2 protein chains.
Amino acid sequence: MRVDEIDQHIIAELELDSRRSFAAIGQRVGLSAPAVKRRVDALRESGAIKRFTAEIDRSVRGWNIEAFVELHCDGGLSPSMMRTMAAGIAEVTDAYTVTGEADGIFLIRARNTAHLEEVMVRIREWKGVNHTRSSVILSHL
Amino acid sequence: MRVDEIDQHIIAELELDSRRSFAAIGQRVGLSAPAVKRRVDALRESGAIKRFTAEIDRSVRGWNIEAFVELHCDGGLSPSMMRTMAAGIAEVTDAYTVTGEADGIFLIRARNTAHLEEVMVRIREWKGVNHTRSSVILSHL
DNA sequence: GTTGAAAAAGTCCACCC
DNA sequence: GGGTGGACTTTTTCAAC
């Protein structure tokens, strides 16, 4: 799908406040409310806008420990297997394949250190995972 | 602020779809629309809900290259200095202080490899940054 | 793209448990 | 803290242009 400059502008507005009305967005981007709605519908349909969501303060969640975990694999772990692995571990918030020393990076969210440790054990149990390298997040800057 | 189970439930609904109506949320959590609104207002006021936003597909953005950059520092780089540094580099999407081998991790978004390289140079120029270790993201799983 | 009108939702009361 | 009902405003939605 092609996304023109007005679409980009609409997307930027929705990122700032996804509950803003179509009329208010239209006023900023120079369109009528129905025109904005049609574009937003098309952007959702095409997948450009994945979903409308809320940004929640981390302290609200019970799971307060986060860590980056690098996966170093012995050649046999494909991206699709890593996807399966990430999907099978609920504590994995984000999963990436990367270049460099590591093969993949998981972002883990756990309730406490014991929970994190338990998750680490589950990760290391996977065939193909040679070793891991973790960085527990101390603060978000 | 205290956040009870119903608040958690409301937050979960808003994360799934921040444009859902208060009445629809109320139906799911067992409250009336005005009651939901009151709670949402309080959650926003207290900062538990930071903002309503949209999740945008990465391919839509012009800046398509992302990388994790570990910062290894020679002891003299405090978190507050790292915050200053992150704020001064527009390409830094997220910044964390962490435990482990690295002192900090930046998530960088750049237009292309040349742009990423240029950002890396700027990071390494900072006093106190001993060396960096990068992982370019190949895919989001 | 627009306008205009109907339908739906949001907002804000007072009043109740 | 919660609900209801009503009045009013705004937003959404759709047909027609």
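In what follows, every chain begins at residue 1, and chains take the letters A, B, ... in the order their sequences are listed. Keep in mind that this is a model prediction, so the values were computed, not measured.
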Participant: Look at the side chain of A/Ala35 and decide which nucleotide, out of C/dC12, D/dG3, C/dT2, has an atom nearest to it.
Facilitator: C/dT2

Participant: Contact class for B/Ala23 vs. all strands (heavy atom < 4.0 Å): base, sugar-phosphate, or nothing?
Facilitator: sugar-phosphate

Participant: Specify the separation, in whole Å, of atom CZ of B/Arg39 and atom P of C/dT11.
Facilitator: 17 Å

Participant: B/Ile10 has an atom CD1; how far is it from atom C1' of D/dG1, in whole Å?
Facilitator: 13 Å

Participant: From the options D/dT4, C/dG10, C/dG1, select the nucleotide whose nearest atom is closest to the side chain of B/Phe22.
Facilitator: C/dG10

Participant: I want to verify a distance call: between D/dT13, D/dG1, D/dT4, whose nearest atom is closest to the B/Pro34 side chain?
Facilitator: D/dT4

Participant: Just to confirm, is there a sub-4.0 Å distance from OP1 or OP2 of D/dT13 to any side-chain nitrogen or oxygen of A/Lys37?
Facilitator: yes

Participant: Within a radius of less than 6.0 Å around CD of B/Glu55, do more than 12 heavy atoms belonging to other residues, nucleotides or ligands occur?
Facilitator: yes

Participant: I'd like to know if B/Arg58 pairs up with B/Glu66 as an ion pair, taking the criterion as any Lys NZ or Arg NE/NH1/NH2 lying under 4.0 Å from an Asp or Glu carboxylate oxygen.
Facilitator: yes

Participant: Would you kindly give the CG-to-C1' distance between A/Asp41 and D/dT11, to the nearest whole Å?
Facilitator: 14 Å

Participant: Is it the case that over 12 heavy atoms from other parts of the model lie below 6.0 angstrom from the CZ atom of B/Arg28?
Facilitator: no

Participant: Would you kindly give the CG-to-P distance between A/Leu14 and D/dT11, to the nearest whole Å?
Facilitator: 14 Å

Participant: Tell me whether A/Glu118 at atom CD has more than 12 heavy atoms from other residues, nucleotides or ligands lying less than 6.0 Å away.
Facilitator: yes

Participant: Among D/dT12, D/dG2, C/dT11, find the nucleotide with the atom closest to the side chain of B/Arg38.
Facilitator: D/dG2

Participant: Considering only side-chain heavy atoms of B/Ser21, which listed nucleotide, C/dA9, D/dT12, D/dG1, is closest?
Facilitator: C/dA9

